[in-house]
Amino acid sequence: MSRPFRQVDVFTTTPYQGNPVAVVLDGTGLDDDAMQRFARWTNLSETTFVLPPTSPAADYRVRIFTPLTELPFAGHPTLGTCHAWLGERPASARPARIVQECGVGLVPLRRTADGLAFAAPPLRRSGPVEGTLVARISTMLGIAADDVVAAEWVDNGPGWVAVLLEHAESVLALRPRGVDLPLGVVGPWPPGSATAFEVRAFVPVGDATVEDPVTGSLNASLAQWLLRTGRASAPYTASQGSVLHRAGRVHISTDADGTVWVAGATVTCLSGTAEL
């Protein structure tokens, strides 16, 4: 069966400079095996399938798959899927606010000057990282434990642990290996720089360490941590993907009630149908 398919680049205004996501716009009738098989075939970090919502408060439901497993939430697939879903509607019928249903529940989205934005979901796990794990993470990153300014659990679904280094240049200089848990690293740029922070994300895939180009879920949880501890003030922009020759830009803002919003530009790179 032919199903509408889009490949969307996220956190960039320039095609092929962000993080791509594959979007199947009609996942109706597909079972878990079929979704996982197609996600394995696309071989992108995530592939999503749009379904009718089960909640009356949602505009659509999405299931998010890596080549290996299903995720309850991920940031750049959320923005890319919403971009593709909106693109199926006439401009006059595109709402300013959208509600996505996924594994973590209902995720509000809105259209902003910086692109689509999602409300950061609550953390599933937070708090300081024990010293033994900090030491193990330092070994994975190839740095001394004293180089870690702070480390926190910032898990909003994928299992992120965050490490703060003193400088953005130190983040760019990392050459990690043997990473065995989802690991985010952040460091500040000097005041007046084009972006406030440099971010990198490392995940284990089999025995390999893989770097994600631009990571919405990590930036969402990093923002919650950095803002809460006074290490950042909103609005700010983070850069990610530099080492991978990408130019990702993630825009962080907050509402008066403290809700953290994660925004980024989105652009369709491929459009057609998939046989599923």
Side-chain angles (χ1 to χ4, degrees), residues 10-12 14 17-19 45 74-76 114 120 123 126 128-129 131 133-156 158-205 208-253 260 262-264:
V10 182
F11 294 120
T12 181
T14 305
Q17 287 292 297
N19 198 0
S45 59
H76 96 273
D114 294 316
L123 297 181
S126 60
V129 177
L133 181 53
V134 172
R136 184 157 63 88
I137 288 171
S138 301
T139 300
M140 295 176 199
L141 294 176
I143 59 176
D146 290 346
D147 292 333
V148 176
V149 175
E152 286 252 350
W153 287 97
V154 291
D155 180 16
N156 54 12
W160 295 113
V161 177
V163 172
L164 174 67
L165 302 185
E166 188 172 0
H167 304 294
E169 290 91 343
S170 300
V171 176
L172 292 174
L174 293 172
R175 297 297 181 267
R177 56 182 181 174
V179 170
D180 61 9
L181 77 171
L183 182 60
V185 188
V186 59
W189 286 106
S193 300
T195 59
F197 294 94
E198 189 71 31
V199 174
R200 294 179 71 183
F202 306 104
V203 294
V205 178
T209 296
V210 175
E211 182 167 359
D212 193 56
V214 202
T215 318
S217 62
L218 174 61
N219 276 278
S221 57
L222 283 176
Q224 290 165 302
W225 175 38
L226 296 173
L227 293 169
R228 175 177 55 80
T229 57
R231 294 184 170 97
S233 58
Y236 74 80
T237 301
S239 47
Q240 190 179 348
S242 306
V243 174
L244 300 177
H245 307 289
R246 309 290 177 90
R249 295 294 183 269
V250 183
H251 305 277
I252 302 296
S253 62
V260 174
V262 181

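Keep in mind the model is a prediction, meaning the values are calculated, not measured.
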Is any side-chain heavy atom of [X] closer than 4.5 Å to a side-chain heavy atom of [Y]?
{"X": "Pro213", "Y": "Arg246", "result": "yes"}
{"X": "Val262", "Y": "His251", "result": "no"}
{"X": "Thr237", "Y": "Val250", "result": "no"}
{"X": "Ser138", "Y": "Val148", "result": "yes"}
{"X": "His167", "Y": "Pro188", "result": "no"}

With rounding to the nearest 0.5 Å, note down the distance linking [atom1] in [X] to [atom2] in [Y].
{"X": "Trp160", "Y": "Leu123", "atom1": "CH2", "atom2": "CG", "result": "13.5 Å"}
{"X": "Phe202", "Y": "Leu183", "atom1": "CZ", "atom2": "CG", "result": "7.0 Å"}
{"X": "Arg231", "Y": "Leu226", "atom1": "CZ", "atom2": "CG", "result": "7.5 Å"}
{"X": "Ile143", "Y": "Ser170", "atom1": "CD1", "atom2": "OG", "result": "8.0 Å"}
{"X": "Asp212", "Y": "Asn19", "atom1": "CG", "atom2": "CG", "result": "4.5 Å"}
{"X": "Thr139", "Y": "Arg177", "atom1": "OG1", "atom2": "CZ", "result": "10.5 Å"}

Within the side chain of [X], is there an N or O that forms a donor-acceptor pair under 3.5 Å with the backbone of [Y]?
{"X": "Ser193", "Y": "Pro190", "result": "yes"}
{"X": "Gln240", "Y": "Thr215", "result": "yes"}
{"X": "Ser233", "Y": "Leu227", "result": "no"}
{"X": "Asn156", "Y": "Ser217", "result": "yes"}
{"X": "Arg249", "Y": "Phe11", "result": "no"}
{"X": "Thr209", "Y": "Pro204", "result": "no"}
{"X": "Asp147", "Y": "Ala144", "result": "yes"}
{"X": "Arg200", "Y": "Val186", "result": "no"}
{"X": "Ser221", "Y": "Val154", "result": "yes"}

If you compare all heavy atoms of [X] against all heavy atoms of [Y], which two are closest, and at what distance to 0.1 Å?
{"X": "Gly159", "Y": "Trp153", "answer": "O-CZ3, 4.1 Å"}
{"X": "Ser239", "Y": "Trp189", "answer": "OG-NE1, 3.6 Å"}
{"X": "Gly18", "Y": "Val214", "answer": "C-CG2, 4.0 Å"}
{"X": "Gly187", "Y": "Val171", "answer": "N-CG2, 3.4 Å"}
{"X": "His76", "Y": "Ser45", "answer": "CE1-OG, 3.4 Å"}
{"X": "Pro182", "Y": "Pro158", "answer": "CG-O, 3.3 Å"}

*Go through the steps for Leu165 and Leu174 under the test side-chain contact (heavy atoms from CB on, under 4.5 Å), then give the verdict.*
CA-CA 11 Å; Leu165 302 185; Leu174 293 172; 4.2 Å; yes
*Before giving the answer on side-chain contact (heavy atoms from CB on, under 4.5 Å), spell out for Ser242 and Leu172 the whole-Å C-alpha distance, their side-chain angles and the decisive distance to 0.1 Å.*
CA-CA 8 Å; Ser242 306; Leu172 292 174; 3.9 Å; yes
*Do Arg228 and Glu152 meet the salt-bridge criterion of a basic N to acidic O distance under 4.0 Å?*
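A salt bridge is present here (some side-chain N lies under 4.0 Å from a carboxylate O).
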*asked:* Any carboxylate oxygen within less than 4.0 angstrom of a Lys/Arg side-chain nitrogen, looking at Asp180 and Arg136?
replied: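 A salt bridge is present here (some side-chain N lies under 4.0 Å from a carboxylate O).
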_More than 12 heavy atoms from other groups under 6.0 Å of CD on Glu166_ =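 At most 12 heavy atoms, drawn from other residues, nucleotides or ligands, come within 6.0 Å of this atom.
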